[in-house]
Amino acid sequence: MNLLEFRNVRAAYDRIDVLFGIDLEVPAGSVVALLGPNGAGKTTTLRVAAGLHPVLSGDVLVAGRRVNGTAPEELARRGICLIPEGRGIFPNLSVRENLRMMTYAGVTLSAVEAEAYERFPRLKERRRQLAGTMSGGEQQMLAMARGLATSPALLLLDELSMGLAPIIVEELYSIVAQVAREGVSILVVEQFASTVLGVADLAAVLVHGRIARVGTPAELQDDLSKAYLGG
Amino acid sequence: MDKFLTFTIVGLSLAAIYAVIASGLVLTFTTTGIFNFAHGAAGMLAAFTYWQLRFEWGWPVPVCLVLILGVMAPLFGVLLEVVVMRGLRGTTDTVKLVVSISLLLFMIGLAQLIWPPGVSRPMSKFFQTSTPINLGPTTITWHQAITIMVAIVAAIGLRLVLTRFRFGIAMRAAVDDPSLSALNGARPNRISMLAWALGTALAALGGILIAPNVTLDAPSLSLLIVSAYAAAIFGRLRSLPLTFLGAIVLGLTEGYLTGYLPQNQYLPGLRIASPALLLFLVLLVLPNPRLRGRMTRSREFFPMPSIRGTLVFGGVVIVGGVVLATTLSTPDQLTYGRLFPIGIIALSLVPLVGFAGQISLCQLSFAGIGGLVMAHLGHGGDPVALIWAVLISAAVGALIALPALRLSGIYLALGTAAFATILDRWIFTLPKFSVFGWFNVDLFTQGSINVDPLTAFGKTFNSAASQIVIGAIFFALVAFLVVMIRRGRLGRRLIAMKDSEAACATLGMNLFGTKLLVFSISAGIAGLGGALYAMQLTSIQSGNFDLVNSLQVFALSVVGGIGAVGGALFAGISLYVVLPVIGVLFPTVVRWVGLLPGATGIGLGRDPNGAVSQMRDGFAPLAGSPSSLLVMTLTLAALYGIRLIDAIDNWTFVGGLVIVPLVASVIATVSAASKERMLAQLEDAPDRTPMEWIGIDRPWTTEDLATLDLALGTSELELHGPA
Ligand SMILES: Nc1ncnc2c1ncn2[C@@H]1O[C@H](COP(=O)(O)OP(=O)(O)OP(=O)(O)O)[C@@H](O)[C@H]1O
Ligand SMILES: [Mg+2]
């Protein structure tokens, strides 16, 4: 079964089309990587999946149910968790208050804290600090904590690696792999394939708002360079 | 020392009220991004309601308080959020401002509808009859003590809500990033409803506390509370602790001024105006988010006016003036004739707000200066005084622009509102004074001052009819001037500045000079309007030019469409033709008329381009059909002829004036549509959708994809087609 499915989805900003009818499947329990050059529409795809951006035509299905037009907060409460591009945190709230916000998804604060502090002990030391004053890596950990602590069914990750040192990226992706092993379905966006293909079961290449290629990481590796040149 | 303590207590209890009101304002502003000008009016309504329940119906105090603060005010806040504020997401600062100003006007209208003005409504203070508490050297009344306690409790309570309760944390989270908040699962609508409920309850609390100290009067109470906004500015509209500090500074200043200001005839106004003065100063001193690079994507769009269209517009206005002057009775001329001077004042907003994006809420103050110049220098109707009116108003405009230049958005709006308040409450109330012994200034001598009608070409234009025609001619001229500004170099600079100050600055544009220029042009136009207005009124007083009037003109101009001269005419017509006409036609609803300007402005959120652009779109086919246009003009002229020989009365005439253009435009639209259909059939044209509109105007086809692939060089990639 597909946990997330896009059927011929079109989306636009004002009257400028960005997604030209894409089809995409995230089978339950798998990790799918969505790759593509700048401006291909990867972020838009994730925003559509999370309900932040409207669908012009086509269908978005979650666990087989059509969810077009569902508000992002309702999707979040039903277990869809998007960690957005950049820092998905509230900079003017303390770490603990950031964690408190995660309880809207239906878990208790103590459960959130236990999970977050266990995976990222550094957050515990800094729980009273304003989140915006932490380092980039710590902020990304805090953002990731929501993906872990709220036990979502579907995790949507947008460029986890942006602006981070390779060692931290590696640490974050090892956690992604761990989460995947626990059965969470994941759709992960990256610009550069190398970081993510190691953990992905499937990969799709998005170019100019259309899915140009779908396959296993091995199959795709060869075509990738071509895709970037073509874009 | 006793005196000092006494006035410290006076100041602190004022500070407490300001703090309560301002913190509510900060709460709604931070969580929803809307600066609610009507915040004070909510407090005003609460004060009236409290008076009604407590003193008119004699209900017990706790019942009244629980009902108002716990039920009515929060519900009212939720209602505001759902009906008005929610629709404002994604609109510009100007639209948000106009909607909340309109709300203020609406609420004042509502209060005056329910509680007609001119009736004394005394309110006693809490525990008025109990003996004051003895503090040794001085005493503190129970009301003062309670007020200060309430503020402390409110401060602690707010702090707890915002840091300990999840919905409070979510309110702060919404300030940081509303969509991330939704991704967390917080329901944004519910959060902002809660913020408005809480904010309105705080306004209500402040209103009930302040009302016993002043007279219960809807406009002054609503605007008096505007003073509390100065405290919120101390906190840069964000920080609650700084807001409380600001409230203390504000309250103490007012308290000490009450106690220590020397007793002379010039200074009582200063004390009343002191919050506004402080607001003005704080705006100037505090660092400002100037030259923000962020471009606000607005839904507003104003097309370039054509010269031909403007000439036609001007001609129609003048003909309209002649028609009014020849068909109306003298009293009616006095009523409806104001539309032109007020229209000119509204025109002054077009270059400033419409083109340059600089908000000003003090245009009537400039008009007042124009009126005063006319009254003092225009003895015997000297037309040279009109020129002086323009020049002096323009100079004052430039003077105000100097400090205001570093402000933008709502800060500028507040700064100009503060300026208007300072003039209303202090400057315009000054008795005769002399400037360094050079010359004497005597503004509104005994509260009002006479203005002579214009005399030119050996003729005195003292009839109401001739004044209307003069007003119409001046309106047409100024409208033409404004259009020429828009079409010229200055217009381009102003529009560029509105789009992005940062970009203009990097391009080396002289922002300072440009702003100064547009401020003085605008003030000059307003001064001209004020001078003409003064002549029509024959006797003026400061109340003709106060902030509430400015707010009305501002709101209706924006509703009409602030980017075009038609919007200014709309403002004039709505205020001085439509409202009186409704009052005459439907005498039973005349009391409701006061609600209309506000209600119209609240509707603005739906179409930020204004009513006039909608009308113009509706009449567009007419302009393209010369035959319909000719028939319409002839019919209207015939109608006018019939009216002149008194064969029909004014109501029939007006009915005709409305119906004939409507019918003509319907005919033109129908004929244009059928012509288009014919053309389409003739050509049987192939689909010529341009590339970029494919997928928008019609769905994508495989051919399109192939073409695009070719163009983008993506053809060798394997397309993953639908399963
Ligand atoms: N708010 C917006 N308004 C208008 N256009 C937008 C907006 N956001 C994105 N776009 C456009 O939509 C297209 C797709 O953007 P998107 O952010 O989805 O790309 P992306 O694949 O995530 O790129 P990147 O790798 O740089 O993050 C781009 O051409 C971008 O310019
Ligand atoms: Mg992106």
Side-chain angles (χ1 to χ4, degrees), chain A residues 7-8 10 12 14-17 20-25 47 50-52 56-57 71-78 80-84 88-94 97-98 100-106 109 131-132 143 146 150 204-205 207-208 210-214 223 226-227 229-231, chain B residues 30 90 162-191 238-239 297-299 301 690-702 704-706 708-723:
Chain A
R7 285 191 192 151
N8 199 19
R10 281 179 43 215
D14 291 330
R15 287 182 55 142
I16 302 163
D17 272 25
F20 299 85
I22 68 166
D23 295 279
L24 186 68
E25 296 172 357
R47 286 172 57 84
L52 281 178
L56 276 190
S57 71
E73 60 272 20
E74 301 311 324
L75 288 175
R77 286 167 186 236
R78 286 187 222 163
I80 294 190
C81 176
L82 167 63
I83 310 292
I89 55 149
F90 302 103
N92 291 308
L93 301 188
S94 70
E97 287 172 333
N98 266 280
R100 186 85 186 266
M101 286 299 291
M102 298 173 191
T103 62
Y104 274 105
L109 180 62
R146 179 159 53 89
T150 59
V205 179
V207 183
H208 279 321
R210 270 168 295 158
I211 300 287
R213 186 83 171 82
V214 177
D223 294 346
K226 229 197 280 175
L229 291 177
Chain B
T30 47
L162 291 177
T163 55
R164 292 284 181 278
F165 288 84
R166 191 176 65 172
F167 78 90
I169 295 174
M171 281 180 196
R172 286 161 55 216
V175 182
D176 272 358
D177 189 341
S179 64
L180 182 60
S181 209
L183 287 178
N184 272 279
R187 298 196 164 106
N189 288 342
R190 199 167 294 180
I191 300 295
R238 298 205 168 271
S239 150
R297 264 170 193 281
S298 65
R299 289 192 269 152
F301 173 70
M691 195 85 157
E692 59 270 29
W693 294 119
I694 300 177
I696 295 162
D697 290 337
R698 62 179 177 76
W700 280 87
T701 62
T702 344
D704 294 329
L705 284 181
L708 195 75
D709 273 334
L710 211 63
L712 297 174
T714 44
S715 48
E716 70 230 83
L717 290 171
E718 201 188 313
L719 279 177
H720 178 76

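Basis for what follows: all heavy atoms, side chains included, without hydrogens, waters or symmetry-related copies. In what follows, chains carry the letters A, B, and so on, assigned in the order in which the sequence lines appear, proteins first and then strands, with residues in each chain numbered from 1.
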What distance separates [X] [atom1] from [Y] [atom2], expressed to the nearest 0.5 Å?
| X | Y | atom1 | atom2 | result |
| --- | --- | --- | --- | --- |
| A:D17 | A:L56 | CG | CG | 6.5 Å |
| B:L183 | B:S181 | CG | OG | 9.0 Å |
| B:T163 | A:E97 | OG1 | CD | 6.5 Å |
| A:S94 | B:I169 | OG | CD1 | 7.0 Å |

query = Under the 6.0 Å and 45° cation-pi test, does B:R166 pair with A:Y104?
reply =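 Judged by the rule, B:R166 and A:Y104 form a cation-pi pair.
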Need one label for [X]: side chain, backbone, both or neither, based on atoms under 4.5 Å from any heavy atom in chain B.
| X | answer |
| --- | --- |
| A:L109 | neither |
| A:L93 | both |
| A:R146 | side chain |
| A:T103 | both |

Region of B:R190 that comes under 4.5 Å of a non-hydrogen atom in chain A =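 For B:R190, there is no contact with chain A at all, as no heavy atom is under 4.5 Å.
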query = Looking at A:N92, A:I22, A:I83, A:L52, which one has more heavy-atom pairs under 4.5 Å with chain B than the rest?
reply =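 Greatest number of close heavy-atom pairs with chain B: A:N92.
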query = Do you know which of A:M101, A:M102, A:R78 has the most heavy-atom pairs under 4.5 Å to chain B?
reply =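 Top count of heavy-atom pairs under 4.5 Å with chain B: A:M101.
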inquiry  = Can you confirm whether A:P84 sits close enough to B:L180 that some side-chain heavy atom of one is under 4.5 Å from a side-chain heavy atom of the other?
reply    =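 Sidechains of B:L180 and A:P84: in contact.
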